[in-house]
Amino acid sequence: MSVNVKTFPRLADAAGALSSERGARFLGGGTLIMRAVNEADPSIETIIRSTDPSLSHLSVSSGRVELGAGVTMAAILADGELAFLHPVARAVGGPAVREAATVGGNLFAPSPYGDFAAALLALDAAATLAGGFSQRELPIEELLSRRERGATLVSSVAFKRPPANSFKFAKVTRVHPKGVSVLSIAAQVPLASGRVTGARIAYGAMGESPLRAKAAERALAGRALDAAGIAPALAVAADGTSPADDAIASAWWRREILPVYLRRLLLGTA
Ligand SMILES: Cc1cc2nc3c(=O)[nH]c(=O)nc-3n(C[C@H](O)[C@H](O)[C@H](O)COP(=O)(O)OP(=O)(O)OC[C@H]3O[C@@H](n4cnc5c(N)ncnc54)[C@H](O)[C@@H]3O)c2cc1C
C-alpha cells in the first residue's frame with residue numbers, strides 16, 4: 001500500500017488536513033513514525049508535514065521558555081540558556097536520534113519513551129494546539145492523559161523558567177549511555193526558607209504515559225530536603241503508578257527501585 005505525503009507551508013493548513021484526512025499522521029523528526037512506515041503499519045495512509053518556521057522557534061527569556069514542537073533534542077543541547085534541560089535532552093537516544101527527535105514527537109512517543117515529556121510535565125508546561133481556524137492551549141498533563149493520535153497537532157510548548165537549581169532529572173537505564181528508560185524522574189522542587197513549596201514530580205515509564213507523583217508531592221510540602229524530610233514522600237513514591245512488564249524491566253522492579261532513585265534525586269546524590 002502506498003503512503004501519501006502532503007507538505008504544508010502553514011501549520012494551520014497542516015492541522016486542517018490532519019483532522020480531515022483518513023489515516024493521517026503528523027511527521028515530526030520521524031524517528032518513530034518512519035520506522036512504522038517502513039514496517040508497513042496499515043493505520044498510516046497519509047503523512048502530513050509542515051515547513052512552517054514557527055515549528056523550530058525557540059525563545060528563552062528570564063521568565064519564560066517557548067519551544068516550537070519541531071525543536072530537536074540537539075537544538076536544545078546547543079542552547080546554553082537551556083542548560084537545566086540538557087540532562088533531559090541528552091537522555092533521549094544516541095546522537096543520531098537526538099538530531100531528529102523533536103519535542104512534539106516526544107509527547108506522543110509510547111512508554112517507555114517520553115523522557116522529555118516527563119520533564120515538561122514536571123515544569124507544568126502548556127501545549128499550544130494548532131487548528132484549521134484557531135489555536136488553543138492545553139496543560140501538558142491533560143494532553144498526556146488523552147494522547148489521541150492523528151487529530152491533535154501540537155505547535156509549541158511553553159513554561160515558566162524554573163528557579164535556579166530547583167529542576168532535577170534522572171533516567172535509569174540498563175544500557176549505557178543511550179538505553180531506553182527503566183524509568184525517568186523529573187522534579188521541580190522550589191525551596192522557601194529551607195522548606196519545599198509547590199513541588200512537581202513526574203515519572204516516565206511508570207504508566208501508559210508520563211504521570212505526576214501527586215502523593216509524593218503532597219508529602220514533600222513544607223518539609224526540609226534532607227533524609228528525614230523526604231522519608232514520607234519516598235514511602236508513597238509509587239502511589240498511583242501503573243508500570244508495564246516489558247523487555248526492559250518488570251513492573252515489580254520499576255516500583256522497587258523508584259524510591260531509591262527518587263531519594264538520590266531529591267538529596268542531590270544521583
Ligand atoms: C534508537 C531509538 C532510541 C530512542 N531513545 C529514546 C529515549 O531514550 N527516550 C525517549 O524519550 N525516546 C526515545 N526514542 C523515541 C523517539 O526518538 C523520541 O521520543 C522522539 O522525541 C520522538 O520525536 P520524533 O520527532 O522523532 O517523532 P515522530 O517519529 O516524527 O512522531 C512520533 C509520533 O508523534 C506524533 N507527532 C510528532 N510531532 C507531533 C506534533 N507536533 N503534534 C502532534 N503529533 C506529533 C507523530 O504523528 C507520531 O505519532 C528513541 C527512538 C529510537 C529509534
Side-chain angles (χ1 to χ4, degrees), residues 1-58 67-76 89 91-118 120 127-136 138 140 142-157 178-181 204-205 207-210 244 246-248:
M1 195 185 75
S2 63
V3 175
N4 296 315
V5 178
K6 297 191 174 175
T7 303
F8 298 88
R10 290 178 61 241
L11 210 48
D13 297 331
L18 198 60
S19 57
S20 58
E21 301 252 350
R22 225 174 111 239
R25 300 274 286 275
F26 188 74
L27 180 74
T31 57
L32 293 176
I33 204 165
M34 289 317 295
R35 194 158 64 175
V37 169
N38 290 337
E39 287 166 359
D41 180 339
S43 71
I44 305 176
E45 294 178 30
T46 305
I47 293 281
I48 305 285
R49 295 174 65 232
S50 176
T51 51
D52 196 318
S54 67
L55 275 176
S56 48
H57 169 81
L58 185 163
L67 304 173
V71 168
T72 63
M73 299 301 137
I76 288 165
V92 175
V97 167
R98 292 196 288 269
E99 280 297 325
T102 65
V103 170
N106 204 270
L107 289 170
F108 295 88
S111 186
Y113 296 145
D115 298 319
F116 201 86
L120 290 175
T128 299
L129 307 187
F133 301 102
S134 62
Q135 295 204 330
R136 68 189 177 100
L138 194 68
I140 288 284
E142 213 178 301
L143 179 74
L144 290 172
S145 64
R146 310 189 307 177
R147 304 237 302 184
E148 313 135 354
R149 292 206 173 19
T152 310
L153 174 46
V154 175
S155 57
S156 63
V157 297
K178 54 180 188 177
V180 174
S181 281
E208 253 183 48
S209 57
D246 60 23
I248 312 293

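Numbers here are sequence positions counted from 1. Keep in mind that what you see is a predicted model, and the values were worked out from it rather than measured.
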Of the non-hydrogen atoms in Leu32 and Tyr113, which two are nearest, and what is the gap between them?
CD2-CE1, 3.6 Å
In Å and rounded to the nearest 0.5 Å, what is the CZ to CG distance from Arg25 to Leu153?
13.0 Å
In sequence, state the C-alpha distance, the side-chain angles, and the governing distance for Val37 and Glu39, and then conclude on side-chain contact (heavy atoms from CB on, under 4.5 Å).
CA-CA 5 Å; Val37 169; Glu39 287 166 359; over 6 Å; no
In short, Ala109 meets Gly114 closest at the heavy-atom pair CB-N, 4.4 Å
Could you state the interatomic distance from CD1 (Ile76) to CG (Leu58), rounded to the nearest 0.5 Å?
7.0 Å
Taking all non-hydrogen atoms of both residues, which atom of Ser111 and which atom of Glu208 are closest, and how far apart?
CB-O, 3.6 Å
Any heavy-atom pair between the side chains of Val103 and Val157 that's under 4.5 Å?
yes
Heavy-atom closest pair (Val71 atom, His57 atom, distance to 0.1 Å) is CG2-O, 3.4 Å
Heavy-atom check, side chain of Val154 versus side chain of Phe108, under 4.5 Å:
yes
Interatomic spacing from OG1 in Thr31 to CZ in Arg98 - rounded to 0.5 Å:
12.5 Å
Using modelled atom types and a 3.5 Å cut-off, is there a donor and acceptor pairing between side-chain atoms of Thr102 and backbone atoms of Gly28?
no
As an exercise, state the distance from CG of Asp115 to OG of Ser181, rounded to the nearest 0.5 Å.
3.5 Å
Heavy atoms of Leu11 and Ser155 approach each other most closely as CD2-CB, 3.3 Å
Taking Phe8's backbone N and O only, do any of them form a donor-acceptor pair with Asp13's side chain (distance below 3.5 Å, no angle check)?
no
Please confirm whether the backbone N or O of Thr46 pairs with a side-chain atom of Asn4, one donor and one acceptor, at under 3.5 Å?
no
Between Ser50 and Asp52, does a side-chain hydrogen bond (donor to acceptor under 3.5 Å, both in side chains) hold up when you go through it step by step?
CA-CA 5 Å; Ser50 176; Asp52 196 318; 4.8 Å; no
Using a distance-only test with no angle check, is there a side-chain donor-acceptor pair under 3.5 angstrom linking Ser43 and Asp41?
yes
Do other residues, nucleotides or ligands put more than 12 heavy atoms under 6.0 Å from the CD atom of Glu21?
yes
Please report the C-alpha distance between Leu129 and Leu143 in whole Å, then the side-chain angles of each, then the deciding distance to 0.1 Å, and finally whether the side-chain contact (heavy atoms from CB on, under 4.5 Å) criterion is met.
CA-CA 10 Å; Leu129 307 187; Leu143 179 74; 4.2 Å; yes
Please determine whether side-chain contact (heavy atoms from CB on, under 4.5 Å) holds for the pair Val5 and Arg49, giving the CA-CA distance in whole Å, both sets of side-chain angles, and the decisive distance to 0.1 Å.
CA-CA 7 Å; Val5 178; Arg49 295 174 65 232; 3.9 Å; yes
To check you understand the geometry: which heavy-atom pair defines the closest contact between Thr72 and Ala100, and what is its length?
CG2-O, 3.9 Å
